[in-house]
Amino acid sequence: TFKVLGHDEVSILNGGMNAYMADTGNPLEKGMIQPGPKTFKAGFRPELLATAEDVSKAIAEKSAALIDNRPSGQYMGINKGGPVKRLGTLPGAKNVPAMWATVNDGGVFRSKQALEKMYKSIGLPTEGETINFCNTGHWASVGWFITHELLGNKKAKMYDGSMAEWSMTKSNPMDRRINLN
């Protein structure tokens, strides 16, 4: 969100507080900290987001790799997230669940080399136009971070409407890899 709003000075604490606290030399503030007010002027960067129209174009023209960052059960069409209206995924999408981004789903990001190897084994490019999506954008933000920031693909976008938006329109195509009905 910060990047989309034009703020590039953003960091993620790799491994969270557990990893930070594991190194006993790291400083830790105690007591009530009262930060001073700051002014933030947003500068919307639409080039980081994909719209439903961008997704339609990517499907029709195969112009962007589609990356589904949901758990594989949702990708395969066995389950669906609450706001999603239909089972399945975008046609042509490949599945990279957000939990695969970290070692043992524990919060420490995998190395760039491991992520490159993962993408290659799935058949995903690490360069060129990509669109990450999930149900409502929160797992896709992890996928976008991997693609854009860790792998360095500056043509990566995130479809924040994701499957919740896409599945509402019955004419939007979807693939269901496993149909249990």
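Given the structure is predicted, the values throughout are model-derived calculations rather than measurements.
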| Between Arg110 (side chain) and Leu115 (backbone), is there a donor-acceptor pair under 3.5 Å? | no
| query | Which value, rounded to the nearest 0.5 Å, describes the distance between Leu66 atom CG and Leu124 atom CG? | reply | 9.5 Å
| query | Given side chains that start at C-beta, do those of Leu151 and Lys112 come closer than 4.5 Å, heavy atoms only? | reply | yes
| query | What closest approach, in Å, do Glu129 and Ser63 show between heavy atoms, and which atom pair accounts for it? | reply | CB-O, 3.7 Å
| request: Using the six-membered ring wherever Trp is involved, compare the ring planes of Phe109 and Phe145 and label them parallel, tilted or perpendicular (cut-offs 30° and 60°). | output: tilted
| request: Quick one: closest heavy-atom pair of Arg177 and Asp175, and the distance? | output: NH1-CB, 3.5 Å
| Going by heavy atoms in the side chains, are Asn153 and Thr126 under 4.5 Å from each other? | no
| query | Cluster question for you: counting only ILVMFWY and a side-chain heavy-atom cut-off of under 4.5 Å, with indirect links fine, are Met76 and Leu180 together? | reply | yes
| Crowded around Lys155 NZ? As in, over 12 foreign heavy atoms under 6.0 Å? | no
| How many angstroms lie between NZ in Lys170 and NZ in Lys85, if you round to the nearest 0.5 Å? | 10.0 Å
| Heavy-atom pair of closest approach, residues Met118 and Val96 | SD-CG1, 4.0 Å
| note | Rounding to 0.5 Å, atoms CE (Met163) and CG (Leu87) come to a distance of 9.5 Å
| Where do Ile122 and Lys94 come nearest, in terms of heavy atoms and distance? | O-NZ, 3.4 Å
| How long is the gap from OG1 on Thr130 to NE2 on His148, to the nearest 0.5 Å? | 9.0 Å
| query | Would one find more than 12 heavy atoms of other residues, nucleotides or ligands at under 6.0 Å from atom CE of Met99? | reply | no
| note | Heavy-atom closest pair (Pro71 atom, Trp139 atom, distance to 0.1 Å) is CD-CZ3, 3.2 Å
| said: I'd like to check Phe44 versus Leu49 (side-chain heavy atoms, cut-off strictly below 4.5 Å). Are they in contact? | reply: yes
| field | Residues which pass side-chain hydrogen bond (donor to acceptor under 3.5 Å, both in side chains) with Glu149, listed by chain and number, not counting sequence neighbours | value | Lys3
| Does a sphere of radius 6.0 Å around NZ in Lys154 hold more than 12 heavy atoms from other residues, nucleotides or ligands, not counting ones at 6.0 Å or beyond? | yes
| message | Between Asn95 and Arg70 (side chain of the first, backbone of the second, donor and acceptor by atom type, cut-off under 3.5 Å), is there such a pair? | response | yes
| Quick one: are Asn69 and Phe133 in side-chain contact, heavy atoms under 4.5 Å? | no
| query | Are Val142 and Leu150 grouped together when hydrophobic residues (ILVMFWY) are joined by side-chain heavy atoms under 4.5 angstrom apart? | reply | yes
| If every non-hydrogen atom of Asn135 is compared with every non-hydrogen atom of Gln74, which pair is closest and at what distance? | ND2-OE1, 2.7 Å
| query | Which distance, rounded to the nearest 0.5 Å, do you find between the OG1 of Thr89 and the CH2 of Trp166? | reply | 10.5 Å
| Gap separating the CG atom of Leu5 from the NZ atom of Lys41, nearest 0.5 angstrom | 13.5 Å
Side-chain donor/acceptor pairs under 3.5 Å, residues 20-31, sequence neighbours excluded:
unit_1 : atom_1 : unit_2 : atom_2 : d
Tyr20  : OH     : Pro27  : O      : 2.5
Asp23  : OD1    : Gly25  : N      : 3.0
Asn26  : ND2    : Tyr20  : O      : 2.8

| query | Within a strict 4.5 Å, meaning less than it, do heavy atoms of the Val4 and Thr1 side chains meet? | reply | no
| query | Between Tyr75 and Ala93, is there a donor-acceptor pair closer than 3.5 Å when you use the side chain of the first and the backbone of the second? | reply | yes
| message | When you group the ILVMFWY residues by side-chain heavy-atom contacts below 4.5 Å and let the links chain together, are Ile12 and Leu48 in the same group? | response | yes
| Linked, directly or transitively: Ile67 and Met158 (ILVMFWY side chains, under 4.5 Å) | yes
